[in-house]
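Computation of the quantities below employed the complete heavy-atom set of this structure, encompassing side-chain atoms and omitting hydrogens, waters and symmetry-equivalent molecules. Index from 1, following the sequence.
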Amino acid sequence: MEKRFPINFRAFLVAGIAVIAAEFCIYFYIINRAVGIVLGCVLLCGIAAAFVAVAILCKRGKTKLRVPIGFALALVFALCSFAVGAVSSDKWRDCEKFAGYFGVYGRVCAIDSRSGEYRVELDGLTIDGKPAPGKMRVTVTSGDGNIVETLNFGDMLSFAANVRASKLIKNGGVNGTDYRTDTRFYVSVDSRDITVKFGSPRPIEKFLSGIHTLLVDNMGDRYGNIAYSMLTGDKHALDSEISDYYSAVGLGHILAVSGLHIGFVLMVLGFLLSKLDKRISAVIMTAAVIGYVVIADFSPSVVRAAVMAAVSSATIFFGGRRDLFSSLLCAACIILSVKPLYAFDVGFLLSFGAIGGIALFANGIRRVLVAHKANNKIGSAVGASVSVSLGILPIQIHYFGSVQILAALVNIVLLPFITLNFVVTLCLLCVAAIPGCGGILVVGKGLFAALDYVAYGLSFVPLANIHIYARSSVFACYAIMFLASEFFMMRRGKPIAVLYALIMCGIIIAVSAV
């Protein structure tokens, strides 16, 4: 009789654990190179030793081939993650030589005028006459008017200012936001001290600028910017007040392109390509997803969704069972092997936390609801929404110090309307691109106005947003979630294991808070 274990072996589960361990080695490497190198070597040697041991057992027929394959993947991904992270850390540290009062020359790649604040992002940097990596965020000040109002993508700016180099470690944690956006430098400069040389935008910038202009001209600034943010994930022109009350009711995710938006695109394409062969439609859908990833500027959540979609498409060509948990871990390993410090970016964590919650709980919640006579579709919707809220709860508490009580209910009720908004606006945009047809977007304006009124009204509901503060120890809650999920299959001892984990988690959080 085959021996059963509480946790089914998954190759990417082992690889995922190894990559997470490599992330902590990188963190210590940033703080102290010697310590980081020692920890990295210990980790890699340990994984290599485990691989050799299971390979010998496999050769003797005492374990299955997938076990050594799992450890081999773990070694490859952990090695790549640590090596890339170490090199990135060294290059980031080298940027400190550009700190000081220097002449700056760079190309405008983003313009932020939210809430009256004027900021510009530059790439293609030259500082003190030397090429510099990454991007620079420029805060532009002036008493009368501001040059930012006349700038366009591709314009070249030159000025002299005090350049501040970004730090990878900020307030004791990794500066995941600057790492994700590749923002290496900060400056503040008066508008009158800037010299502008007009340039031309890149094709993708021209394309996105055209979409933004089309939406704003026909839907107005408010709803045009909300629609543009929802379609592309670019919130540079979106008022921060709007972002705040959407986030307060649990709808902030629709303003940042994520797996939900990829799902919308795939849904539309699936309907349009339903008559084609599955393999042909899979290729077209994959190409469309890649294009959307480029439009969304390779946002971690979109890249995650794209990798998972590619893994799902691969099952059509090569066969095999679709496994959400394995696909999620595969995406995490691939992304963190290329961009290791994404593990410390809140957007990345929210994206993976949400899908992780669905993988752990959605199916179980659906089964319970269906067993109590609920409709299967309603059970699936409730299960997905509640699971997402559970999956991102520790991240919200740690990074934002708040919990959106209404989030699960609001998303269950409004998701069909949000889907309608996205699909209708996307389709109308294709028609509006025809000269003289932009007025058709007034339909989209009505839809977004209704959504905006609902979001704004719900933000005033008492206790819609509860403030809770906790340190990083709150992430220990994920151990409890895993034990409580269907992936932990110890039937008799499961309640005791969950209770023990809950007690230990409470102790850890309490001790760390002191």
> Less than 4.5 Å apart, side chain to side chain, heavy atoms only: is that true for V138 and F159?
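They are in side-chain contact.
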> How about F344 and F348: are their ring centres within less than 6.0 Å of each other?
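Between F348 and F344, which both carry aromatic rings, the centre distance is not below 6.0 Å.
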> Between D123 and R107 (salt bridge meaning N to carboxylate O under 4.0 Å), is one present in this structure?
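Salt bridge present between D123 and R107.
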> Quick one: which of T425, D452, V442 gives a side-chain contact (heavy atoms from CB on, under 4.5 Å) with Y223?
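Testing each of T425, D452, V442 against Y223, the sole residue satisfying side-chain contact (heavy atoms from CB on, under 4.5 Å) is D452.
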> For the residue pair D239 and N225, establish whether any side-chain heavy-atom pair is separated by less than 4.5 Å.
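With C-beta onward as the side chain, the pair stays apart.
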> Is the shortest side-chain heavy-atom distance between I242 and R222 below 4.5 Å?
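Sidechains of R222 and I242: in contact.
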> Would you compute the distance between atom SG of C109 and atom CG of D155 and round it to the nearest 0.5 angstrom?
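C109 SG to D155 CG: 12.0 Å, rounded to 0.5 Å.
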> Could you check whether the rings of Y456 and Y245 sit parallel, tilted or perpendicular, using 30° and 60° as the cut-offs?
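Y456 and Y245: perpendicular rings.
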> Determine whether V174 and I169 make a side-chain contact, defined as any pair of heavy atoms from C-beta on separated by less than 4.5 Å.
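SC-SC contact between V174 and I169 confirmed.
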> Working to the nearest 0.5 angstrom, can you tell me the gap between E241 CD and S459 OG?
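Interatomic distance, E241 CD to S459 OG, rounded to 0.5 Å: 9.0 Å.
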> Hey, could you give me the CG/CG distance between L231 and N421, rounded to the nearest 0.5 Å?
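Rounded to the nearest 0.5 Å, the CG-CG separation comes out at 10.0 Å.
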> Please round to the nearest 0.5 Å and tell me the distance separating atom CG of L39 and atom OH of Y27.
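Those atoms lie 12.5 Å apart.
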> Rounded to the nearest 0.5 Å, what's the gap from CG on L441 to NZ on K445? Could you check?
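Separation between the atoms: 11.0 Å.
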> Does any non-hydrogen side-chain atom of D128 lie less than 4.5 Å from one of F98?
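No, too far: nothing below the 4.5 Å cut-off.
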> Got a second to check how far E205's CD is from S200's OG, nearest 0.5 Å?
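Result: 9.0 Å between the selected atoms.
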> With heavy-atom distances below 4.5 Å as the criterion, would you say the side chains of V84 and P340 are in contact?
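Touching, per the 4.5 Å side-chain cut-off.
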> Do D90 and Y29 have a side chain donor and acceptor closer than 3.5 Å?
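Result is yes, a qualifying pair exists.
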> Does the plane of the ring in Y342 sit parallel, tilted or perpendicular to the ring in Y179? Use 30° and 60° as the thresholds.
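If you compare the ring of Y342 with that of Y179, the planes turn out perpendicular.
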> Tell me, yes or no, whether the heavy-atom count around Y186 atom OH, taken from other residues, nucleotides or ligands under 6.0 Å, exceeds 12.
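Yes.
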> Might you confirm whether atom CZ of F417 has over 12 heavy atoms from other residues, nucleotides or ligands at distances under 6.0 Å?
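Atom CZ in F417 is packed in, count exceeds 12.
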> So, do K197 and S158 sit near enough that their side-chain heavy atoms are less than 4.5 Å apart?
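SC-SC contact between K197 and S158 ruled out.
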